Every structure is written in structure tokens, then in C-alpha cells.
2 protein chains.
Amino acid sequence: MTARPTLERTLELAAFVPFRLNRLAAGTSQYLAIVYQERFGLDIPQWRVMATVGSQQDCTAQYIAASTRMHKTRVSRAIAELEARQLIERASSAQDRRERQVRLSKSGRRMYTELVPLALARESSLLECLSPEQLAGFLTGLETLERFLQLED
Amino acid sequence: MTARPTLERTLELAAFVPFRLNRLAAGTSQYLAIVYQERFGLDIPQWRVMATVGSQQDCTAQYIAASTRMHKTRVSRAIAELEARQLIERASSAQDRRERQVRLSKSGRRMYTELVPLALARESSLLECLSPEQLAGFLTGLETLERFLQLED
DNA sequence: CCGATAAGGTTGCGAGCGCAACCATTTGTG
DNA sequence: CACAAATGGTTGCGCTCGCAACCTTATCGG
């Protein structure tokens with residue numbers, strides 16, 4: 001356990017948890033990039049939109065923004081690019097003509113069904129470096145931090 | 001424990017660890033920003049340079065880039081801004097006139113001694129949401145992941 | 001029923017970042 | 001000793017992102 005008094009006069013960045021979490025997140029993204037980027041030519045916003053639309057068809061840009069925690073302009077641009085690549089389709093909603101329903105196209109769904117197992121396998125291959133007890137402990141801490149920072153949906 | 005078969009055909013982003021780690025890192029940065037940003041007017045690169053130079057005086061830009069894992073251009077610009085604010089000073093090295101030794105100025109050191117306790121306290125206040133056992137388990141998993149992804153110095 | 005306000009979504013713009021190219025200096029090699 | 005290659009660091013450029021402003025459509029209040 002790395003207990004540490006609060007009154008220290010120096011700060012080692014390599015031991016500072018916020019820094020380590022940023023570094024870990026970047027490393028993890030890098031580790032995952034090989035599946036969505038090199039193989040499918042998606043960047044992170046596009047990948048997140050694909051993942052969201054794939055599991056929750058007929059959703060709005062707003063819903064995507066909320067559940068991915070991305071800014072709505074970032075979502076808007078990712079959607080526009082995916083539509084240009086004909087991976088998703090948009091239809092104006094009948095009830096509310098401001099919003100547009102987003103769904104996967106045929107080729108989008110094909111990519112999705114190919115992409116998801118690879119992404120999940122990559123996640124597993126990452127987490128396999130942890131023993132079952134380590135994984136459980138890590139996820140418990142992660143959940144508590146998420147609740148504390150109100151990061152859940 | 002969130003065991004999950006690898007052959008699932010759908011992916012819930014909210015349960016996908018790489019996504020959750022990115023979200024946590026962003027949330028943590030946000031949580032920390034109040035000390036270095038609002039109070040001292042530093043952005044993240046500047047804050048990291050300050051932290052590094054403060055604990056390791058007379059280091060080079062290269063050393064800062066390596067230990068913060070930032071791109072050397074990002075470091076170069078952060079240093080230039082901190083120098084313009086007279087928080088750090090640079091002196092050309094005698095042995096190798098390409099490199100420049102970076103150190104905190106008087107006012108830089110004053111800011112550092114004010115900043116470090118606040119940052120550490122903020123880190124503690126974040127981690128206090130975890131029980132001691134949760135913290136230990138979380139840090140253990142974090143370390144293992146760091147080793148696996150080769151994120152250490 | 002009309003005007004004000006809000007909500008879904010897009011776009012112009014400026015800031016920050018990484019890549020590649022560059023300058024200055026040092027090190028290695030014939 | 002000279003020249004090629006490597007290293008520390010900076011800068012031009014294009015890309016991405018978030019903010020603010022905007023357009024369109026819905027909703028609310030009188």
C-alpha cells in the first residue's frame with residue numbers, strides 16, 4: 001500500500017495517480033487502436049458512434065453524445081463521416097423533425113459484427129495480465145471511482 | 001466479477017474497460033484541474049513540466065518528455081510559455097551546447113511549494129472514496145496493467 | 001394563435017497538438 | 001581531419017476539438 005502523507009514537499013509524477021490514469025488510458029487506447037483503426041479505418045469518435053449505434057439502433061445524436069460523453073459537435077462530425085462512408089443511415093424523425101434517427105446500414109452492420117468480437121477479444125487479452133483476484137479488485141475500485149466522479153450514465 | 005464471454009455479438013460501451021478508463025482519466029483530470037488551472041493558470045503540459053522540474057532540478061527537455069510521456073514539441077512549447085511567465089529559467093549546458101538546463105525560478109519555486117501540497121491533497125481527497133482494501137486492490141491492478149503495457153519509465 | 005424560449009443539430013473559428021522538416025551541435029568513421 | 005550520421009531542440013503546417021453562434025423545429029405562456 002502506498003500510503004503517503006499529504007504534507008510532502010515534492011511530487012513524483014510517476015507516482016501521482018491522476019497522471020498514471022491518464023497514461024494508462026492513453027496506453028489502453030493505443031493497445032486497442034489496432035482493431036478499430038488499422039483494420040477498419042475508424043478513429044475513436046467514429047468507433048464510439050459505431051459501438052453505440054450498433055447496440056442501440058435508432059438512436060439520436062444526443063443519445064450518442066450522452067452515452068459516449070463526447071461533445072455534440074464531435075458526435076455530429078463523426079456521424080457525418082460515417083454516413084459519407086455509408087456505414088450508417090439517418091432518417092428524419094416523424095414526431096420531431098429536428099432530430100434524426102441514426103442506424104447502421106447493411107455494410108455498417110457487417111462491420112459491426114466483425115468489429116465487436118475483435119474489440120472484446122482485445123479487451124480480454126489486455127485484462128488477462130491480471131489474475132482473477134486482481135481483476136476483481138481493480139474493477140471494484142474503478143466502479144467506486146466512477147460513482148464518486150459521477151461518470152455513470 | 002464481470003466475467004464475459006468473448007463471443008458476444010454486442011458491445012456495451014459503458015461496460016467496456018478501455019472506454020471506462022478513458023472516461024475515468026478525463027474525469028480525474030477535470031477533478032484535478034481546479035488546483036492547477038483555476039488557481040495557477042497552468043494547463044496540463046505546463047503543470048507536468050512544473051511537477052517534473054520541481055522534483056528534478058536541472059533537467060533537459062528530453063528528460064521531461066521521457067518522464068511525462070509527452071511529445072517533445074509539446075514539452076518545448078510548455079517550457080517556452082513557462083519561461084515567458086518567468087516561472088522557469090534555462091541555461092545552455094557547457095558540455096553540450098545543444099541542450100539547455102531547465103530549472104525553476106524563484107517565483108516558480110514559490111508556486112511549486114504552494115502547488116504540490118494542494119495537488120497531493122486533491123489526489124488524496126479523490127482516493128478517499130476507496131476503502132483501504134479497495135485502494136490497495138486498485139493500485140495493484142493499475143501497476144500490473146502499467147507493466148503489461150510497458151508504461152513505466 | 002402568436003411571440004418568446006428551448007431543444008436537436010450543424011458550422012465558423014481559434015487553440016492545441018503531432019508530424020515532418022529544420023537548425024545547431026556533437027559523435028562516429030574512414 | 002573531414003564528412004556523414006545522430007541528437008537536442010524549435011518551428012511550419014495541417015488536423016482535430018470545443019466554444020459560441022446559428023438554423024430549424026417544438027414547446028410554453030399569455
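Convention: sequence-line order gives letters A, B, ...; per-chain numbering from 1. From a predicted model like this one, the values you see are computed outputs, not experimental measurements.
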Taking the cut-offs as 6.0 angstrom to the six-membered ring centre and 45 degrees off its axis, would you call A:Arg48 and B:Phe19 a cation-pi pair?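 No, a cation-pi geometry is absent between A:Arg48 and B:Phe19.
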How long is the line joining [atom1] of [X] and [atom2] of [N], in whole Å?
| X | N | atom1 | atom2 | answer |
| --- | --- | --- | --- | --- |
| B:Glu99 | C:dT26 | CD | P | 10 Å |
| A:Ile79 | C:dT10 | CD1 | P | 6 Å |
| A:Gln37 | D:dC15 | CD | C1' | 14 Å |
| A:Ile44 | D:dC15 | CD1 | P | 19 Å |

Determine which pairs satisfy ring-ring contact (aromatic ring centres under 6.0 Å, His included) with at least one residue from residues 105-144 of chain B, sequence neighbours left out, and list them in order.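 Listed once each, the pairs are A:Phe138-B:Phe138.
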Those residues of residues 46-67 of chain B lying under 4.0 Å from DNA chain C by at least one heavy atom: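 Correct list: empty, so none.
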Under 3.5 Å side-chain donor-acceptor pair for [X] and [Y]:
| X | Y | value |
| --- | --- | --- |
| B:Glu133 | B:Ser131 | yes |
| B:Ser29 | A:Asn22 | yes |
| B:Gln62 | B:Thr60 | no |
| A:Thr140 | B:Gln134 | no |
| B:Tyr63 | B:Thr52 | no |

Between [X] (side chain) and [Y] (backbone), is there a donor-acceptor pair under 3.5 Å?
| X | Y | answer |
| --- | --- | --- |
| A:Gln56 | A:Val53 | no |
| A:Ser76 | A:Lys72 | no |
| A:Gln86 | A:Ser105 | no |
| A:Arg39 | A:Ile34 | no |

Step through the shown structure and confirm whether more than 12 heavy atoms of other residues, nucleotides or ligands are within 6.0 Å of CD on B:Gln150.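 Not more than 12 within 6.0 Å, no.
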Within the 4.0 Å limit for protein heavy atoms, which parts of nucleotides 17-24 of chain D are touched? Write it as a string from 5' to 3', B for base, S for sugar-phosphate only, - for none. BBBB---B
Please tell me which of B:Ser76 and A:Asp96 maps to the more 5' nucleotide of DNA chain D, matching each residue to the nucleotide holding its nearest heavy atom.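 It is B:Ser76, whose closest nucleotide lies nearer the 5' terminus.
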Please report the end-to-end axis angle for the helix from C:dC1-D:dG30 to C:dG30-D:dC1, five pairs per end, rounded to 10 degrees.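 Between the first-five-pair axis and the last-five-pair axis there is 10°.
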Within residues 86-94 of chain A, find the residues that approach DNA chain D with a heavy atom at under 4.0 Å, and present them sorted by residue number.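 When residues 86-94 of chain A is checked for heavy atoms under 4.0 Å from DNA chain D, there are no hits whatsoever.
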Mind checking salt bridge (Lys or Arg N to Asp or Glu O under 4.0 Å) for B:Arg110 and listing every partner two or more places apart, or none if nothing turns up?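 Listed in chain order: nothing, the list is empty.
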